[in-house]
Amino acid sequence: MITSAQMRAARALLGIDQKTLAARAGVSVPTIQRMEASDGNVRGVVGSLVRVVEALEGLGVELIGDQAPSQGTGRGVRLKAPPDTAPEESSTTD
């Protein structure tokens, strides 16, 4: 649904701290801290996660899923897939 990195980035783009997000979402600060400390996708009570996502969206953040197009028109940042680190083989012959 949302990754911990997306959650931290969303807060940074909005310029809000964990306490503000917790208040807007109606969850506790430790809940936000646990969500943001997750590896990969945020883990937690589904209802709490939904409230956090709704709060972020209500504050103006568009959360974009993997391989999903952006529907928004404002400025933003999106992670690209990491570049291939394997060297390319030459297809030319001498």
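By convention here, the first residue in the shown sequence is residue 1. These numbers were taken from a predicted model, which means no experiment stands behind them.
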In the structure I gave you, are the side-chain heavy atoms of [X] and [Y] within less than 4.5 Å of one another anywhere?
X: Glu57; Y: Glu62; result: no
X: Gln33; Y: Ser28; result: no
X: Leu21; Y: Met7; result: yes
X: Arg24; Y: Arg51; result: no

Are Val42 and Val45 in one and the same hydrophobic cluster, where Ile, Leu, Val, Met, Phe, Trp and Tyr link if side-chain heavy atoms are under 4.5 Å apart?
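No, no single cluster joins them.
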
Please answer: with hydrophobic residues joined when any side-chain heavy atoms are less than 4.5 Å apart, are Ile2 and Val50 in the same cluster?
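Shared cluster, yes.
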
How far apart are the closest heavy atoms of Val52 and Met35, and which atoms are they?
CG2-SD, 3.9 Å

Do you know which two heavy atoms are closest between Arg8 and Glu36, and how far apart they sit?
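That would be NH1-O, 2.6 Å.
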
Distance in Å, Thr3 OG1 paired with Asp39 CG, rounded so as to fall on 0.5 Å steps
11.0 Å

Has the side chain of Glu54 got a donor or acceptor atom that lies under 3.5 Å from a matching backbone atom of Leu49?
no

So does Ser38 get a backbone contact from the side chain of Arg43, meaning a donor-acceptor N/O pair under 3.5 Å?
no

